[in-house]
Amino acid sequence: MSTTASLLSLPSSRVLSYALTPAPSNPNAPVVLLSNSLCTPFATWDLVVSKLTTRGLSVLRYDPPGHGASTTPADLSSTTFDSLAEDVRALLSHLSIEGLHAWIGVSLGAATGIVFAAKYPHVIRRLVVCDTISCSPVNAGIDDVFGPRVAAVRKIGKMDGVIDGTLERWLGRAWLDAHPDETSRLRQLMLTTTIDGFETCCAALRSTTFDLRPKTEEAGQGVDEALFIVGEKDANLPEAMQELREGVERGLKKKDPNATVGFHIIKNAGHVCYIDGFDQFVATITQFLG
């Protein structure tokens with residue numbers, strides 16, 4: 001599909017790139033927001049968008065700093081999940097969107113969704129959390145994986161190496177070899193991520209302020225329903241994300257004692273399960289969205 005990006009000047013003077021794809025013949029259709037992972041501009045969602053619009057849903061996508069046509073802050077260390085959530089709040093206000101039928105986020109976009117739901121309750125009706133870590137490495141008590149990657153990119157001066165390594169880590173060599181056209185499309189899209197964009201979004205992931213665990217109950221109280229999705233092959237996340245799911249469920253149960261939060265594993269998929277687990281992913285989210 002052909003995607004035309006629009007640009008919003010934020011109060012911080014940064015520019016936010018976004019696309020609003022309306023449902024056919026229904027300008028008042030419910031809006032689903034798709035929020036992407038690190039190094040993936042919103043065009044990686046193209047195939048999912050067409051599945052949602054044909055079901056009568058409008059789709060809003062945006063790019064975090066330094067991805068797509070979104071610009072970065074002067075201070076690259078200043079990006080946090082709070083600031084990423086504030087960007088989306090400004091976008092919704094600009095578009096006069098008072099509520100979202102759903103927020104579907106993957107990785108960076110999933111963590112942003114949890115923070116947004118806790119910070120701005122009753123905007124998101126259905127929250128879908130896919131393939132996210134719970135906190136920064138420093139808060140998890142493990143070695144920082146993001147800092148060395150940023151340093152390596154800075155030393156080389158280009159994103160090619162980190163993009164190739166990311167694709168193989170996320171999707172696996174066998175999948176990449178079996179899908180050369182989609183691999184080429186993804187690589188070209190991901191290479192539009194700037195080094196500054198990579199560094200500033202990694203700053204959010206590395207920050208001492210990044211810890212979703214204390215926010216999950218608030219997020220659950222701030223939405224009507226929630227669903228967790230993870231790729232079967234995404235490292236330890238099929239187990240690690242259960243803690244987040246339980247927290248969101250506790251929040252929902254404070255409003256409705258019978259509320260439950262589903263947890264769906266996409267078979268044979270990795271970190272970006274809307275790509276290598278496309279059919280299962282679409283079937284899962286469309287059933288949840290109603």
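The ring pair (Phe, Tyr, Trp, His ring centres under 6.0 Å) test with Trp45 is passed by exactly one of Tyr274, Tyr62, Tyr18: Tyr274. Residue Ile104 forms a side chain to side chain contact (heavy atoms under 4.5 Å, CB included) with just one option from Leu289, Leu227, Val59, and that option is Leu289.
Distance check, rounded to the nearest 0.5 Å: CD of Glu243 to CG of Leu212 gives 10.0 Å. Distance check: Leu33 CG to Thr112 OG1 gives 10.0 Å after rounding to the nearest 0.5 Å. Atoms OG and CG, from Ser207 and Asn139 in turn, are 8.0 Å apart once rounded to the nearest 0.5 Å.
Residues Phe116 and Val31 are members of one and the same hydrophobic cluster, defined by side-chain heavy-atom contacts under 4.5 angstrom among Ile, Leu, Val, Met, Phe, Trp and Tyr. Side-chain heavy atoms closer than 4.5 Å link hydrophobic residues (I, L, V, M, F, W, Y) into clusters, and following such links, even through other members, never connects Leu189 to Leu191. Tracing side-chain contacts under 4.5 Å through hydrophobic residues (I, L, V, M, F, W, Y), one never reaches Ile156 starting from Ile195; they form parts of separate clusters. One hydrophobic cluster, built from ILVMFWY side chains closer than 4.5 Å, holds both Leu95 and Leu16.
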Inset, instruction - Would you check, one step at a time, whether the test side chain to side chain contact (heavy atoms under 4.5 Å, CB included) holds for Met190 with Ile163? - result: CA-CA 7 Å; Met190 292 171 71; Ile163 295 303; 3.8 Å; yes

Inset, instruction - Determine, stepwise, if the pair Val153 / Arg149 fulfils side chain to side chain contact (heavy atoms under 4.5 Å, CB included). - result: CA-CA 6 Å; Val153 168; Arg149 292 175 192 167; 5.6 Å; no

Inset, instruction - Mind running side chain to side chain contact (heavy atoms under 4.5 Å, CB included) on Val123 and Tyr120 for me, showing each step along the way? - result: CA-CA 6 Å; Val123 175; Tyr120 303 108; 4.1 Å; yes

Legend entry - Criterion side-chain hydrogen bond (donor to acceptor under 3.5 Å, both in side chains) on Ser184 and Asp181, from CA distance to verdict: CA-CA 5 Å; Ser184 177; Asp181 291 342; over 6 Å; no

Inset, instruction - For salt bridge (charged side-chain N to carboxylate O under 4.0 Å, His left out), just list the numbers for Lys119 and Glu218, CA-CA rounded to whole Å, side-chain angles, deciding distance to a tenth of an Å, and then say yes or no. - result: CA-CA 8 Å; Lys119 191 179 181 72; Glu218 287 179 88; over 6 Å; no

Inset, instruction - For side chain to side chain contact (heavy atoms under 4.5 Å, CB included), just list the numbers for Arg14 and Asp87, CA-CA rounded to whole Å, side-chain angles, deciding distance to a tenth of an Å, and then say yes or no. - result: CA-CA 10 Å; Arg14 286 185 293 111; Asp87 287 352; 2.8 Å; yes

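Checked against side-chain hydrogen bond (donor to acceptor under 3.5 Å, both in side chains), Glu182 has the following partners two or more places apart in sequence or in another chain: Arg185.
Looking only at side-chain heavy atoms (C-beta outward), Thr79 and Pro73 come within less than 4.5 Å of each other. Residues Val138 and Arg206 form no side-chain contact, since every pair of their non-hydrogen atoms from C-beta on lies 4.5 Å or further apart. Residues Pro64 and Asn36 meet the side-chain proximity criterion, which asks for heavy atoms closer than 4.5 Å.
Heavy atoms from other residues, nucleotides or ligands lying under 6.0 Å from CD of Gln242 number more than 12. Crowding of Glu239 atom CD: a count of heavy atoms from other residues, nucleotides or ligands under 6.0 Å exceeding 12. Summarising the local packing, CG of Asp256 is surrounded by more than 12 heavy atoms from other residues, nucleotides or ligands at distances under 6.0 Å. In the displayed structure, Lys51 atom NZ is contacted under 6.0 Å by at most 12 heavy atoms of other residues, nucleotides or ligands.
The aromatic rings of Phe210 and Phe81 sit tilted relative to each other, their planes meeting at an angle between 30° and 60°.
Between Arg126 and Asp224, none of the side-chain N atoms (NZ, or NE/NH1/NH2) sits under 4.0 Å from a carboxylate O, so this pair counts as no salt bridge. Ion pairing between a basic and an acidic side chain is recognised when a charged N comes within 4.0 Å of a carboxylate O; Arg61 and Asp46 show such pairing.
Among residue pairs with one or both ends in residues 155-208, those qualifying as ring pair (Phe, Tyr, Trp, His ring centres under 6.0 Å) are Trp170-His271, Trp175-His179; sequence neighbours excluded.
Asp75 and Ser77 share a side-chain donor-acceptor pair at under 3.5 Å.
Considering all non-hydrogen atoms of both residues, Asp63 and Ser70 come closest at O-OG, 2.7 Å. The shortest non-hydrogen separation linking Cys130 to Val128 is SG-CG1, 3.8 Å.
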